[in-house]
Amino acid sequence: MTAWIDFKKLRANLDFEQVLKHYGVEVKRKGDQHQGFCPLPNHQGKRNSPSFSANLKRGIFQCFGCGAKGNVLEFAALMEKVDLKDGTAMRNVALELQRRFCPELDETPKGTPKPEEQPKAKPKQELPVVVNAPLDFELKGLNTTHPYLPGRGLTPETIAHFGLGFCSRGMLKDRVAIPLHDQDGKLIGYAGRAVDDAAIGEDNPRYRFPGARERDGKAFEFRKTLFVYNGFRLKAPVDDLIVVEGFTSVWWLHQSGLQHAVATMGADCSGKQAELIISLVKPTGRVWIVPDGDSAGERFGHSLLIQVSPHRFMRWVKLGDAKQPTDLSAEQLQTCLKT
Ligand SMILES: [Zn+2]
């Protein structure tokens with residue numbers, strides 16, 4: 001079995017400036033920004049205008065000349081003339097970048113690290129860490145008829161199926177509580193969806209996820225990257241699996257008669273999530289990616305494609321600009337996702 005590569009981690013650790021220099025780009029730094037001629041081999045049009053800019057801190061780039069944009073991995077792939085939709089080739093580009101620039105991320109066991117390689121800074125308290133522990137309580141008294149829910153077009157059946165309800169107190173006050181289960185079906189936390197879109201801001205995110213907490217001498221952590229939403233409800237392995245970014249898409253697909261849907265709960269598919277997605281689908285089955293029609297959706301599609309396509313047949317369903325699965329009628333979805 002080939003090793004997994006954590007694309008998100010790699011992207012976070014790669015120094016874009018180093019990568020640019022590696023490809024012969026003369027980096028002109030202004031703060032976190034670099035601006036210069038477009039180095040991409042497929043760039044068409046003028047080479048003598050500084051159409052290419054990169055945010056070195058965020059690891060993203062775009063070119064106003066040729067319209068190319070993306071993250072540091074996609075930049076390297078374009079420089080290598082690799083098709084961004086070719087999962088295996090993308091993976092090889094990533095592995096090469098990791099080998100060259102971030103060898104410390106290679107998690108292939110190599111025996112005990114030498115003393116000088118061990119991390120020096122120790123956490124102030126070394127509490128045993130428990131990740132995604134099952135909850136020993138359930139939220140009671142959720143309002144399942146709050147106007148937000150029918151306002152999203154959800155039927156009482158769908159609301160009950162996913163255990164949704166408006167919460168009026170605690171951490172999830174003024175949010176729709178969304179029960180989160182691991183792949184074994186254990187309740188491991190609740191996400192909260194703000195019901196007032198107008199009030200969403202930096203301190204009031206659209207979605208709130210469980211935080212870290214300490215109890216009984218243990219550190220409890222929650223990581224959404226270790227499971228996929230709705231995965232436990234499937235009678236896996238299935239023939240066809242639809243993968244979307246968000247909760248609302250899963251609810252809407254369910255209500256539209258497409259029950260084999262899971263969500264990564266964000267635009268980045270982690271290595272563990274990719275592994276789960278593969279295990280949920282028969283080797284002869286298909287994975288349908290249905291990204292939102294925006295740049296995060298593109299990223300989402302690519303992160304899935306790169307990791308899953310070497311193992312399962314995949315179909316990428318393009319919904320069109322700024323469209324989300326929830327914008328389509330049941331009939332339209334059934335047509336797009338005809339198996
Ligand atoms: Zn260009």
Donor-acceptor contact present, side-chain [X] to main-chain [Y], <3.5 Å:
X    : Y    : result
R152 : T248 : no
W252 : G153 : no
D184 : K186 : no
R286 : V281 : no
Q35  : P50  : yes
H34  : K28  : yes
E245 : F300 : no
Q324 : S249 : no
R193 : V176 : no
S303 : C269 : yes

Is the closest side-chain heavy-atom distance between [X] and [Y] below 4.5 Å?
X    : Y    : result
S168 : N143 : no
H254 : E157 : yes
D174 : D196 : no
V290 : L253 : no
V129 : L127 : no
K173 : C167 : no
L319 : D292 : no

Closest contact, heavy atoms only, [X] versus [Y]:
X    : Y    : result
F247 : L180 : CE2-CD2, 3.7 Å
V228 : L280 : CG2-CD1, 4.1 Å
L234 : A261 : CD2-N, 4.3 Å
Q273 : D268 : OE1-O, 3.6 Å
T225 : K272 : O-CB, 3.7 Å
A263 : V250 : CB-CG2, 3.6 Å

Which pairs of donor and acceptor atoms, one on a side chain in residues 70-81, lie under 3.5 Å apart (sequence neighbours left out)?
residue, atom, partner, partner atom, Å
N71, OD1, L73, N, 2.9
N71, OD1, E74, N, 3.0
E74, OE1, N71, N, 2.9
E80, OE2, Y23, OH, 2.6

task = Indicate the ring-plane relationship of F101 and H22, choosing parallel, tilted or perpendicular according to the 30° and 60° boundaries.
result = perpendicular

request  = Fit a plane to each ring of W251 and F162, take the angle between them on a 0 to 90° scale, and name the class: parallel (under 30°), tilted (30 to 60°) or perpendicular (over 60°).
outcome  =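 Judged by the thresholds at 30° and 60°, the geometry between W251 and F162 is tilted.
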
ask   = Would you call E298-K318 a salt bridge at under 4.0 Å N-O?
value = yes

ask   = Does the ring of F220 carry R213 above it, NZ/CZ under 6.0 angstrom from centre and within 45° of its axis?
value =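 Yes, a cation-pi geometry.
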
ask   = In this structure, are over 12 heavy atoms from other groups packed under 6.0 Å from D83 atom CG?
value = yes

ask   = Between Q33 and N55, is a side chain to side chain contact (heavy atoms under 4.5 Å, CB included) present by the stated rule, with each step listed?
value = CA-CA 5 Å; Q33 286 289 336; N55 186 313; 3.4 Å; yes

same_hphob_cluster([X], [Y]) at 4.5 Å side-chain heavy-atom cutoff:
X    : Y    : answer
L172 : F209 : no
F166 : L139 : no
L40  : L97  : yes
L95  : L105 : yes
Y229 : L149 : yes

message = Evaluate R299 against R11 for side chain to side chain contact (heavy atoms under 4.5 Å, CB included), listing each step before the verdict.
response = CA-CA 12 Å; R299 200 170 86 220; R11 280 215 314 270; 4.0 Å; yes

task = Determine, stepwise, if the pair I188 / F227 fulfils side chain to side chain contact (heavy atoms under 4.5 Å, CB included).
result = CA-CA 10 Å; I188 52 175; F227 66 101; 3.7 Å; yes

ask   = Between Y190 and R175, do the side chains contain an N or O donor and an N or O acceptor separated by less than 3.5 Å?
value = no

request  = Decide yes or no on side chain to side chain contact (heavy atoms under 4.5 Å, CB included) for D32 and R58, but give the supporting numbers first.
outcome  = CA-CA 8 Å; D32 293 328; R58 293 175 59 204; over 6 Å; no

inquiry  = Once rounded to the nearest 0.5 Å, what's the spacing between atom CG of L305 and atom CE of M90?
reply    = 9.0 Å

message = Just verifying a value: how many Å separate D294 CG and D321 CG, rounded to the nearest 0.5 Å?
response =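 So the CG of D294 and the CG of D321 are separated by 9.0 Å.
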
task = Go through H43 and F52 one step at a time and tell me if the ring-ring contact (aromatic ring centres under 6.0 Å, His included) criterion holds.
result = CA-CA 10 Å; H43 176 89; F52 179 89; 8.9 Å; no

remark   = Contacts of R208 meeting side chain to side chain donor-acceptor pair (under 3.5 Å) (sequence neighbours excluded), chain-then-number -> none

